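Structure record follows, encoded as structure tokens.
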Amino acid sequence: MNAPLQHPVLQRLARWLRLGANHVLVLMMATMFVSFILQIGFRYVSNKPLAWTDELCVLMWIWGILWGASFVMRNRDDIRFDVLTGHVPRPVKRVLAVLVSTAVVVILLVSLPATWSFITFMKVEDSAALGIRMDMFFSIYIAFVLAMVVRHAHIGLQALQNRLVDDDASTGQAGEEA
Amino acid sequence: MNFFSPFALTVYLIIGLSLMGLPIGLSMLASSIMYLFITGQDMGIAAEQLLQGLNNSYTLLAIPLFILAAEIMNMGSLTDRLLGFCNAVVGRFRGGLGHVNILSSLIFSGMSGSAIADAAGVGRMVINMMTRDGRYTPAYAAAVTAASAVIGPIIPPSIPLVLYGLISDASIGYLFMAGIVPGLLLGAVLMGMNAYLAKVRNFPIEPPVPLRQLPGITLKALPALMMPVVLLGGIYSGVMTPTEAAAVAALYALLVSAAVYRSVTFAGAYNALLSSGRSMASIGILISGALVFNFVVTRENIPMTVSQLLTAMDLSALSFLLMVNITLLVLGALLEGGTILLVIVPILIPTAKLLGIDMVHFGMVVTVNLMIGLITPPYGLLLFIMGNITGESIKRIVQETLPFITVMIGALLFITYVPDAVLWLPRLLGYQG
């Protein structure tokens with residue numbers, strides 16, 4: 001989905017950002033796994049249940065999903081229905097890509113103020129065990145919405161210039177192996 | 001029914017956006033936001049439903065952990081050893097590698113909980129074994145792999161059953177228990193079909209592994225074979241919740257790979273975590289979209305409307321189940337299983353309850369149904385994955401899969417109309433249903 005970045009510095013930056021995003025997701029998964037093990041260990045071995053592990057796991061679950069969807073997953077990783085779009089001529093594909101991206105960008109942007117006010121409203125609550133303010137707990141959703149707006153605006157603009165998401169599916173793969 | 005009501009428009013938009021290639025979870029999210037907009041409700045409700053929904057779905061944490069367990073297993077040499085074991089046991093018969101394929105899926109399904117993970121992990125290896133030296137056509141190897149991967153989520157642990165537990169409030173422990181008999185039944189009918197085809201088409205007989213080597217091979221595979229025992233034992237003895245059992249399964253796989261088989265590297269662990277994180281994000285976005293859309297469905301009172309509509313038709317429990325079978329088979333051939341489970345099944349549950357259908361039994365019927373949908377043309381997801389792995393055309397794979405689909409539908413009808421076969425084992429462990 002990336003535009004061909006000409007400048008080598010930009011290319012390197014994009015690679016670092018992507019690797020960094022991967023590292024963060026791996027850390028989240030590891031945290032979730034380790035806190036689960038700690039939780040079971042403490043409950044059954046030392047008979048002293050930990051309160052914060054449950055909450056940390058749920059935090060990693062929410063952040064992992066939204067972080068992963070925003071910054072790690074490529075479009076082709078998604079669960080989508082591509083039987084139809086796989087078989088239409090290229091000009092039709094381009095039109096569809098523009099329509100879909102416009103719809104996503106418009107809908108998400110229109111809902112952004114209401115979303116913002118829900119998240120900021122949550123600052124009145126703290127999480128039970130860790131005492132994290134709930135607006136912080138949920139703030140990743142704002143990042144997710146913005147990432148989706150940027151991604152789909154990008155897909156739409158690319159389609160206008162006759163570049164489609166599926167075009168660089170193979171190069172994307174190679175880039176990740178590296 | 002009004003075809004231009006806000007709800008109808010929402011449904012059209014979901015279908016439209018996903019047909020045009022937008023990921024299904026995102027389609028549901030965007031369309032539900034549009035529903036809130038045109039009905040003049042606060043659009044922040046979408047964020048609220050999504051975040052509070054994820055925040056309260058503690059049991060769903062089993063999903064990333066089961067995926068992680070499977071990834072760790074595929075990383076280590078556990079898979080090799082299990083295949084060696086299966087080969088020693090059933091490889092000696094005509095069409096033996098087909099049997100090895102099915103048996104290994106049965107054993108693996110006791111660990112991974114995802115048909116896709118099974119097909120992509122152990123499935124890929126068995127396909128290589130089967131097609132080496134041209135003994136089996138790639139299409140046949142792909143068909144057996146796809147058909148047997150279906151068993152994965154039916155035998156516990158199972159991601160679809162965790163999702164079903166969430167939407168139906170049925171106990172995940174009993175659901176897992178209920179999956180064992182149907183899973184073994186499906187394994188048996190597949191092996192029967194493979195044996196029949198082997199005879200008709202004169203498939204090769206492999207040189208049998210000498211029986212005196214069997215104890216050694218079993219011993220080598222034993223730590224891996226013990227995994228389902230550890231997992232299910234932990235759940236049924238009441239020591240662990242299914243979610244915790246998932247974490248223990250991942251830990252067990254890691255320990256066995258590291259200590260016994262010495263096959264863990266830093267890069268391997270990193271990749272296992274990364275790819276389970278990706279799978280979690282992918283299914284998590286689907287769940288997120290469904291959470292928001294289910295708010296819309298509930299607000300519109302759809303489950304009750306459907307329930308009234310169906311009771312007005314004076315359906316018996318049996319004809320309702322038959323209708324569910326057919327609807328889910330058709331939908332399963334078009335839509336991805338998780339979507340159906342999270343969106344369509346909640347609409348059917350009130351009616352099923354009203355007709356006195358046991359929720360654990362219904363869960364089994366629905367899951368087996370949806371899993372068969374994974375290999376039903378035209379949109380069986382596993383068919384595409386197999387096409388991808390073998391490079392064989394989907395059409396050829398579909399042709400080879402049809403006999404297997406036929407016997408599996410037979411098994412599905414049995415599971416549907418003989419609830420006692422499903423509920424026997426859970427009842428033995430104290431299920432009151």
Side-chain angles (χ1 to χ4, degrees), chain A residues 22 25-30 32-33 36-37 39-40 43-44 54 57-58 61-62 64-70 72-73 75 77-86 93 96-97 99-101 103-104 107-108 110-119 121-122 137-138 141-142 145 148 152 165, chain B residues 13 17-27 29-31 33-34 36-37 42-48 50-51 54-55 57-58 60-61 64-65 68 239-240 243-244 246-248 250-251 269-270 273-274 276-288 334-336 338-339 378-379:
Chain A
N22 288 356
L25 183 61
V26 165
L27 265 179
M28 287 176 180
M29 294 304 292
M32 179 193 273
F33 176 54
F36 248 106
I37 298 300
Q39 175 181 327
I40 302 168
R43 182 170 320 156
Y44 295 109
D54 266 10
C57 288
V58 172
W61 159 247
I62 297 178
I65 291 171
L66 294 173
W67 178 273
S70 308
V72 176
M73 274 161 68
N75 236 48
D77 294 333
D78 270 313
I79 300 169
R80 58 184 178 142
F81 191 89
D82 45 10
V83 170
L84 198 75
T85 44
K93 266 190 200 168
L96 291 181
L99 281 177
V100 170
S101 339
V104 173
I107 290 175
L108 289 182
V110 168
S111 73
L112 194 56
T115 306
W116 179 263
S117 78
F118 166 72
I119 306 269
F121 167 74
M122 290 306 288
F137 207 102
F138 287 161
Y141 184 72
I142 297 282
V145 170
M148 287 302 116
H152 286 275
V165 184
Chain B
L13 189 62
L17 288 176
S18 14
L19 279 180
M20 289 194 275
L22 191 68
I24 296 170
L26 207 52
S27 302
L29 178 62
S31 308
I33 293 176
M34 192 209 65
L36 294 171
F37 179 72
D42 174 13
M43 281 182 285
I45 290 173
E48 184 183 356
L50 189 153
L51 290 165
L54 289 179
N55 200 11
S57 53
Y58 185 75
L60 290 184
L61 285 168
L65 294 167
L68 182 63
V239 176
M240 295 179 259
T243 315
E244 290 171 345
V248 171
L251 181 68
Y270 182 94
L273 285 167
L274 181 60
S276 56
R278 273 206 184 134
S279 307
M280 173 177 92
S282 170
I283 192 164
I285 289 301
L286 187 69
I287 293 170
S288 303
L334 295 169
L335 277 174
E336 190 270 336
T339 316
Y379 192 58

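For the numbers below, each heavy atom of this structure counts, side chains included, while hydrogens, waters and symmetry mates do not. Everything quoted here is computed from the prediction, not taken from an experiment. Convention: sequence-line order gives letters A, B, ...; per-chain numbering from 1.
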* Asked: A:Ser111 versus chain B, heavy atoms under 4.5 Å apart: side chain, backbone, both or neither?
  -> both
* To do: Examine whether an atom of A:Val58 lies under 4.5 Å from a heavy atom of chain B, and if so say whether it belongs to the side chain, the backbone or both; otherwise answer neither.
  => both
* Asked: Which distance, rounded to the nearest 0.5 Å, do you find between the CE of A:Met28 and the CE of B:Met280?
  -> 8.0 Å
* If you take all heavy atoms of B:Gly44 and A:Ala114, which pair is closest and at what distance? -> N-CB, 3.3 Å
* **Non-hydrogen atoms of A:Phe36 and B:Ala247 that approach each other most closely** => CB-CB, 3.6 Å
* Using a cut-off of under 4.5 Å on heavy-atom pairs, state which of B:Asp42, B:Leu251, B:Ile287 scores highest against chain A. => B:Leu251
* List the atom of A:Ile65, the atom of B:Ala281, and the distance in Å for their closest heavy-atom pair. => O-CB, 3.7 Å
* Is it the backbone or the side chain of A:Phe121 that comes under 4.5 Å from a heavy atom of chain B, or both, or neither? -> neither
* Structure fact -> Here the gap from B:Leu26 atom CG to A:His152 atom NE2, rounded to the nearest 0.5 Å, amounts to 5.0 Å
* Asked: Going from CD1 on B:Ile45 to CZ on A:Phe118, what distance comes out if it is rounded to the nearest 0.5 angstrom?
  -> 10.0 Å
* To do: Pick one of side chain, backbone, both or neither for B:Leu36, based on which atoms fall under 4.5 Å of a heavy atom in chain A.
  => neither
* Most heavy-atom pairs under 4.5 angstrom with chain A, which of B:Gly277, B:Ser57, B:Gly284? -> B:Gly277
* Rounded to the nearest 0.5 Å, how far apart are CD1 of A:Ile107 and CZ of B:Phe37? -> 10.0 Å
* Asked: Highest number of heavy-atom pairs under 4.5 Å with chain B: which of A:Ile142, A:Leu25, A:Leu66, A:Leu108?
  -> A:Leu25
* **Interface moiety of B:Ser27 toward chain A, non-hydrogen atoms closer than 4.5 Å** => neither
* Straight-line distance of B:Leu51 CG to A:Tyr141 OH, nearest 0.5 Å -> 7.0 Å
* Interatomic spacing from CD1 in A:Ile62 to CG in B:Leu54 - rounded to 0.5 Å -> 5.5 Å
* Partner chain B: residue of A:Val100, A:Leu27, A:Thr115 with the largest heavy-atom pair count (under 4.5 Å) -> A:Val100
* Side-chain touch B:Ile33/A:Val110, heavy atoms, less than 4.5 angstrom -> no
* A:Ala103 portion near chain B, given a 4.5 angstrom heavy-atom threshold -> side chain
* **Choice from B:Ala246, B:Pro64, B:Gly338 maximising heavy atom contacts with chain A below 4.5 Å** => B:Pro64
